[in-house]
A.B. asks: 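This is the structure I want to talk about, given as structure tokens.
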Amino acid sequence: PSSRGRHRIVPPPPAALSGLCAVTEHLYLSNVRAASDSCQLTRCKITCVVNVSEAKSRAPQLPSVEYIHLPVPDSPLAPLSDHFDPVADQIQLTAAHGGRTLVHCNAGVSRSAALCMAYLMKHRHVSLLEAHRWLKGRRPLVRPNKGFWEQLIRYEMELRGSNSVSMVSSSMGDIPDIYEEEAKNMMPV
């Protein structure tokens, strides 16, 4: 008997958590370890790296790559929104020149994710809710801190004149409403 039709095509695993995650054709997101891997940078044709962490990378820099360091702590009080427009515009400019930008922080979860969502809102014209879903679909562990959510919500209001996400009170303090169900499920019964 023929084995034709019996082979299943197995989809690739969800966005690689330890590598560079493609957000769009011209935007990637990762943690510091993946961002320090020159082979991955070369393979993904990265031409601009935005490091949004307190420490400057010690990894050797590739001569063909532009490196931007934003020394922002992963603190809810850090003014990350000061960088929303400049980083979003840099990503767009790099893309317009046929390049690709990698945005990373230490874990690729909070600071870099927030900057990627700001880019998606500004240049892909999606709501904050859509930007979060888009990013979460590519890197499931993204989770900006409370302060960055508040800044993203204000940024969405500036860009769109309305909000798709709001902060709500929970037993864990104020959280984005998209985490409300998750917070309820974490409560002891």
A.B. asks: Do Met167 and Leu159 share a hydrophobic cluster (ILVMFWY, side-chain heavy atoms under 4.5 Å, transitive)?
C.D. replies: yes

A.B. asks: Please report the shortest heavy-atom distance between Gly173 and Ser170, naming the atom on each side.
C.D. replies: O-OG, 2.8 Å

A.B. asks: What distance separates Gln92 CD from Arg124 CZ, expressed to the nearest 0.5 Å?
C.D. replies: 7.5 Å

A.B. asks: Do Asn106 and Arg111 make a side-chain contact, defined as non-hydrogen atoms from C-beta onward lying under 4.5 Å apart?
C.D. replies: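 Yes - at least one pair of side-chain heavy atoms lies under 4.5 Å apart.
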
A.B. asks: Do Val72 and Asp82 come within less than 4.5 Å of each other through their side chains, counting heavy atoms only?
C.D. replies: no

A.B. asks: Residues two or more places apart in sequence or in another chain: which of them pass side-chain contact (heavy atoms from CB on, under 4.5 Å) with Val65?
C.D. replies: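 Val65: side-chain contact (heavy atoms from CB on, under 4.5 Å) contacts with Val49, Leu62, Tyr67.
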
A.B. asks: State which residues pass side-chain contact (heavy atoms from CB on, under 4.5 Å) with Arg160; sequence neighbours excluded, sorted by chain then number.
C.D. replies: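 Here the qualifying residues are Ser127, Glu156, Ser162.
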
A.B. asks: Under the side-chain hydrogen bond (donor to acceptor under 3.5 Å, both in side chains) test, which residues partner Thr24, sequence neighbours left out?
C.D. replies: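 Applying side-chain hydrogen bond (donor to acceptor under 3.5 Å, both in side chains) to Thr24 gives none.
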
A.B. asks: Going by salt bridge (charged side-chain N to carboxylate O under 4.0 Å, His left out), name the residues that satisfy it together with Glu150, two or more places apart in sequence or in a different chain.
C.D. replies: Lys146

A.B. asks: Looking at every non-hydrogen atom in both residues, tell me the closest pair between Pro79 and His83 and how far apart they are.
C.D. replies: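 The answer is O-CD2, 4.0 Å.
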
A.B. asks: Should Ile153 and Leu115 be counted in the same cluster of Ile, Leu, Val, Met, Phe, Trp and Tyr side chains packed under 4.5 Å apart?
C.D. replies: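 Looking at the clustering, Leu115 is in the same group as Ile153.
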
A.B. asks: Could you tell me if the side chain of Ile91 sits less than 4.5 Å from the side chain of Val103, heavy atoms only?
C.D. replies: yes

A.B. asks: With Ala35, which residues qualify under side-chain contact (heavy atoms from CB on, under 4.5 Å), at least two apart?
C.D. replies: Ser30, Leu102, His104

A.B. asks: Could you give the distance from OG (Ser164) to CZ (Arg133), rounded to the nearest 0.5 Å?
C.D. replies: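 One finds 8.5 Å between OG of Ser164 and CZ of Arg133.
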
A.B. asks: Tell me, do Ser57 and Ser36 make a side-chain contact under 4.5 Å, heavy atoms counted?
C.D. replies: yes

A.B. asks: In chain order, what residues pass the side-chain contact (heavy atoms from CB on, under 4.5 Å) check against Thr47, with sequence neighbours excluded?
C.D. replies: Thr94

A.B. asks: Say whether Val87 and Val142 are linked into one hydrophobic cluster, either directly or through other cluster members, by side-chain heavy-atom distances under 4.5 angstrom.
C.D. replies: yes

A.B. asks: Rounded to the nearest 0.5 Å, what separates atom SG in Cys21 from atom CG in Leu141?
C.D. replies: 7.5 Å

A.B. asks: Has the side chain of His26 got a donor or acceptor atom that lies under 3.5 Å from a matching backbone atom of Leu93?
C.D. replies: no

A.B. asks: Is any side-chain heavy atom of Val23 closer than 4.5 Å to a side-chain heavy atom of Leu120?
C.D. replies: yes

A.B. asks: Working to the nearest 0.5 Å, report the span between CD of Gln40 and CZ of Arg33.
C.D. replies: 10.0 Å

A.B. asks: Quick one: side-chain hydrogen bond (donor to acceptor under 3.5 Å, both in side chains) partners of Ser75, sequence neighbours excluded?
C.D. replies: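 In terms of side-chain hydrogen bond (donor to acceptor under 3.5 Å, both in side chains), with neighbours along the sequence ignored, Ser75 is linked to no residue.
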
A.B. asks: Show me the pairs that pass ring pair (Phe, Tyr, Trp, His ring centres under 6.0 Å) and involve residues 134-155, at least two apart or across chains.
C.D. replies: Phe84-Tyr155, His132-Trp149, Trp149-Tyr179

A.B. asks: Residues in side-chain hydrogen bond (donor to acceptor under 3.5 Å, both in side chains) with His123, at least two apart?
C.D. replies: Asp89

A.B. asks: With sequence neighbours excluded, tell me which residues meet salt bridge (charged side-chain N to carboxylate O under 4.0 Å, His left out) with Asp85.
C.D. replies: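 By the salt bridge (charged side-chain N to carboxylate O under 4.0 Å, His left out) rule, Asp85 matches Lys122.
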
A.B. asks: Measure the shortest side-chain to side-chain distance between Asn51 and Ile68 over non-hydrogen atoms and say whether it is less than 4.5 angstrom.
C.D. replies: no

A.B. asks: When you group the ILVMFWY residues by side-chain heavy-atom contacts below 4.5 Å and let the links chain together, are Leu29 and Leu152 in the same group?
C.D. replies: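 As far as the 4.5 Å side-chain criterion goes, Leu29 and Leu152 are connected within one cluster.
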
A.B. asks: Name all residues meeting the salt bridge (charged side-chain N to carboxylate O under 4.0 Å, His left out) criterion together with Lys45; count only those two or more places apart in sequence or in a different chain, and write none if there are none.
C.D. replies: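 Testing Lys45 for salt bridge (charged side-chain N to carboxylate O under 4.0 Å, His left out), a comparison that skips the adjacent residues, returns none.
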
A.B. asks: Please check if any side-chain donor atom of Ser110 sits under 3.5 Å from a side-chain acceptor atom of Asp74, or the reverse.
C.D. replies: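 A donor-acceptor contact under 3.5 Å links the two side chains.
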
A.B. asks: Drop me the distance from Lys136's NZ to Met117's CE, to the nearest 0.5 angstrom.
C.D. replies: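 It comes to 9.5 Å.
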
A.B. asks: Under the salt bridge (charged side-chain N to carboxylate O under 4.0 Å, His left out) rule, collect the residues that match up with Asp174, sequence neighbours excluded.
C.D. replies: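 Here no residue qualifies.
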
A.B. asks: Where do Arg100 and Glu25 come nearest, in terms of heavy atoms and distance?
C.D. replies: NE-O, 3.1 Å

A.B. asks: Rounded to the nearest 0.5 Å, how far apart are CD of Gln151 and CG of Leu80?
C.D. replies: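 Spacing of CD (Gln151) from CG (Leu80) equals 6.0 Å.
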
A.B. asks: Could you see if Leu41 belongs to whatever hydrophobic cluster contains Val52? Use Ile, Leu, Val, Met, Phe, Trp, Tyr and a side-chain cutoff under 4.5 Å.
C.D. replies: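 Leu41 and Val52: separate clusters.
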
